[in-house]
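Below is one structure; the comments refer to it alone.
Numbering of residues begins at 1 and proceeds along the displayed sequence. This structure is a prediction, so every number in the text was calculated from the model and none was measured. Every number for a ligand or one of its atoms is a count from 1 in the order of the listing.
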Amino acid sequence: METHVLPIDGTTPDTAILARAAELLRSGELVAFPTETVYGLGADALNSQAVKKIYEAKGRPSRNPLIVHVVSVEQAKRLTSHWPKHAEMLVAHFWPGPLTLVLQKDEKVPDEVTGGGSTVAIRMPSHPIARALINAAGTPLAAPSANVSSKLSPTSAAHVKKDLDGVIAMILDGGPSSGGIESTVIDLTEDAPRLLRPGLLPLKTIEEVIGPVEQDIPQDEGNALKSPGLLTKHYAPNTKIFVTEEPKYLIKKLLQKKQKLACLTLGEHMDGVACIVMPGNADAYAARLYGELHALDDGRFDVIVAQLPPNEDAWLGVRDRLLRAAAKE
Ligand code: TXA
Ligand code: MG
């Protein structure tokens, strides 16, 4: 299949282009589109045949459920069988934006979306193209990140094309995604809210609205190394990547082994290697992370070394992505 890449304005999206994309979605095809976090690979969330195509295109295990993207709270409620108070509070503060809520699903949500489970993940993106596309399609869109399963997420149309050219019908090119890492995922289906995936919206900001959130995912490197099974490989470049809080020693060792080295640091200068100095602010770092990794991932290097940012709330999302990129399997 030919993949059409259509440039589209990010603030006032062209209605004729949106109509073409919406028509493809309504006929069960896949369209990649920008969101404020990363590019999504969209399908009509209520069409199980269309949703199946997402798993085929990405090579994604069918038990790994998808996020459904909506354009209004009413549309979200129609996908759920129970709308808890915490959902009401969170969406009032953070929607549209990079927050995904896991809720009890309504029966109209196909099993293909939820991996056969009884819960559904929902988010309302803020990106004008994403919003206009959901409106034009007239249906919620199931949309994982538009990359091959477990690989780097895309923050530009070119990244999507690299993975999915010839496999999907259309890519809407609305320029780079400003957020750079995925949404924060919170499970609201049990008594206590639980963090399932740290992301662009900091946990502390969420806790200011609903109080303490359970968190039983590994957060620091020590933990990750002690229980590698808890960290599944994901968001990974093809080039081998190591992450460490103290890159100096590792870099020295790798240079002695004559490895062709790229590195991402947080300001420190490293002798003998041209390191990319990443921003000291978590939002600015997140916005650049995948773009830098995509650019380094072209076969020039044997190894990428990334300095792990401090184990602080603001950095949870970035640390999670780096640790998973470096995880064994
Ligand atoms: O920022 C984002 O969230 C991007 C953009 C495109 O919106 N989407 C994204 O989707 O990252 P994906 O499929 O790559 O990640 C979905 C995450 C996974 O960690 C998945 O396990 C979790 O959400 N998830 C989805 N449905 C779930 C459910 N019913 N219960 C628990 N976790 C769920
Ligand atoms: Mg993904």
Side-chain angles (χ1 to χ4, degrees), residues 30-43 45 51 54-55 57-71 76 79-82 94-106 109-127 129-131 133-134 140-157 159-160 163-164 171-172 174 177-190 193-201 216-217 231-236 286-287 289-290 317 320-321 324-325:
L30 305 184
V31 174
F33 60 95
T35 83
E36 71 278 20
T37 58
V38 300
Y39 271 66
L41 179 58
V51 173
I54 291 182
Y55 289 92
K58 284 181 61 93
R60 180 175 175 118
S62 63
R63 298 198 60 80
N64 191 356
L66 305 171
I67 296 173
V68 180
H69 295 65
V70 298
V71 76
L79 300 170
T80 65
S81 60
H82 177 57
F94 303 119
W95 276 11
L99 173 68
T100 296
L101 300 179
V102 173
L103 297 157
Q104 291 300 339
K105 83 175 188 89
D106 182 84
V109 180
D111 282 343
E112 284 75 7
V113 171
T114 64
S118 62
T119 63
V120 60
I122 310 178
R123 125 171 159 86
M124 190 200 290
S126 64
H127 196 296
I129 294 174
R131 298 175 62 78
L133 183 64
I134 303 164
L141 298 180
S145 50
N147 53 280
V148 166
S149 189
S150 89
K151 296 296 181 189
L152 282 176
S153 302
T155 53
S156 74
H159 297 160
V160 179
D163 271 15
L164 298 174
I171 303 171
L172 293 178
S177 291
S178 59
I181 63 169
E182 295 80 356
S183 62
T184 305
V185 181
I186 300 282
D187 182 6
L188 293 180
T189 60
E190 287 170 48
R194 182 179 304 276
L195 177 70
L196 297 182
R197 178 179 73 180
L200 202 55
L201 186 67
D216 49 16
I217 46 169
L231 271 187
T232 49
K233 196 169 185 69
H234 216 104
Y235 317 109
L289 175 61
Y290 291 138
D320 171 80
R321 301 308 184 271
R324 285 180 195 262

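- Here CG of Asn64 is found 6.5 Å from OH of Tyr55. Values are rounded to the nearest 0.5 Å.
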Test log, rule side-chain hydrogen bond (donor to acceptor under 3.5 Å, both in side chains), inputs Arg321 and Ser153: CA-CA 10 Å; Arg321 301 308 184 271; Ser153 302; over 6 Å; no

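- Residue, atom and distance of the protein heavy atom nearest to atom 5 (C) of ligand 1 are Thr37 OG1, 3.5 Å.
- Only the side chain of Arg60 comes within contact range of ligand 1, with a heavy atom under 4.0 Å; no backbone atom does.
- Taking every heavy atom of both residues into account, Ser149 and Pro61 meet most closely at OG-CD, 3.7 Å.
- Proximity of Ile134 to Val70: side-chain heavy atoms (C-beta onward) are nowhere separated by under 4.5 Å.
- Listed by atom number, the atoms of ligand 1 under 4.0 Å from His69 heavy atoms are 5 (C), 6 (C), 7 (O).
- Contact annotation: Lys105 has no heavy atom less than 4.0 Å from any atom of ligand 1.
- Those atoms of ligand 1 that come under 4.0 Å of a heavy atom in Gly40, given as number and element, are 6 (C).
- With sequence neighbours left out, His127 forms a ring-ring contact (aromatic ring centres under 6.0 Å, His included) with no residue at all.
- Under 4.0 Å from ligand 1, heavy atoms of Thr119 appear from its side chain as well as its backbone.
- Between the side chains of Arg324 and Thr232, at least one donor-acceptor pair of N or O atoms lies under 3.5 Å.
- Between Glu36 and Arg123 there is a salt bridge, with a side-chain nitrogen of the basic residue lying less than 4.0 Å from a carboxylate oxygen of the acidic one.
- Between Ala143 and ligand 1 there is a heavy-atom distance shorter than 4.0 Å.
- Remark: Ser145 OG to Asp163 CG distance equals 9.5 Å, nearest 0.5 Å.
- Residue Leu66 places a heavy atom under 4.0 Å from ligand 1.
- Separation of atoms CG (Leu141) and CD1 (Ile67) is listed at 13.0 Å; rounding is to 0.5 Å.
- At a 3.5 angstrom cut-off on N or O pairs, Ser145 counts as close to ligand 1.
- The protein non-hydrogen atom at the shortest distance from atom 31 (C) of ligand 1 is Leu196 CD1, 3.5 Å.
- For the Mg ion (ligand 2), protein N, O or S atoms closer than 2.8 Å were enumerated as Ser145 OG, with waters left out.
- Taking atom 3 (O) of ligand 1 as the reference point, the nearest protein heavy-atom neighbour is Ser183 OG, 2.5 Å.
- Atom OG1 of residue Thr35 and atom NE2 of residue His69 lie 6.0 Å apart, to the nearest 0.5 angstrom.
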Steps toward side chain to side chain contact (heavy atoms under 4.5 Å, CB included) verdict (Arg60, Leu66): CA-CA 10 Å; Arg60 180 175 175 118; Leu66 305 171; 3.6 Å; yes

Side chain to side chain contact (heavy atoms under 4.5 Å, CB included) evaluation trace for Ile181 with Tyr235: CA-CA 10 Å; Ile181 63 169; Tyr235 317 109; over 6 Å; no

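- Considering all non-hydrogen atoms of both residues, Ile122 and Trp95 come closest at O-CZ2, 3.4 Å.
- Here Asn64 has side-chain heavy atoms under 4.0 Å from ligand 1, and that is the only part of it that gets that close.
- Taking the side chain as every heavy atom from C-beta outward, Lys58 and Lys151 never approach each other to under 4.5 Å.
- Considering backbone and side-chain atoms alike, Arg123 places an N or O below 3.5 Å from some N or O of ligand 1.
- Residue-ligand proximity, Pro65 to ligand 1, at heavy-atom distances under 4.0 Å covers atoms 20 (C), 24 (N), 25 (C), 26 (N), 27 (C), 28 (C), 33 (C).
- Proximity of Arg197 to ligand 1, defined as any heavy-atom pair under 4.0 Å, is confined to the side chain (atoms from C-beta onward).
- Where the criterion is an N or O separation shorter than 3.5 Å, residue side chain and backbone included, Tyr39 fails it with respect to ligand 1.
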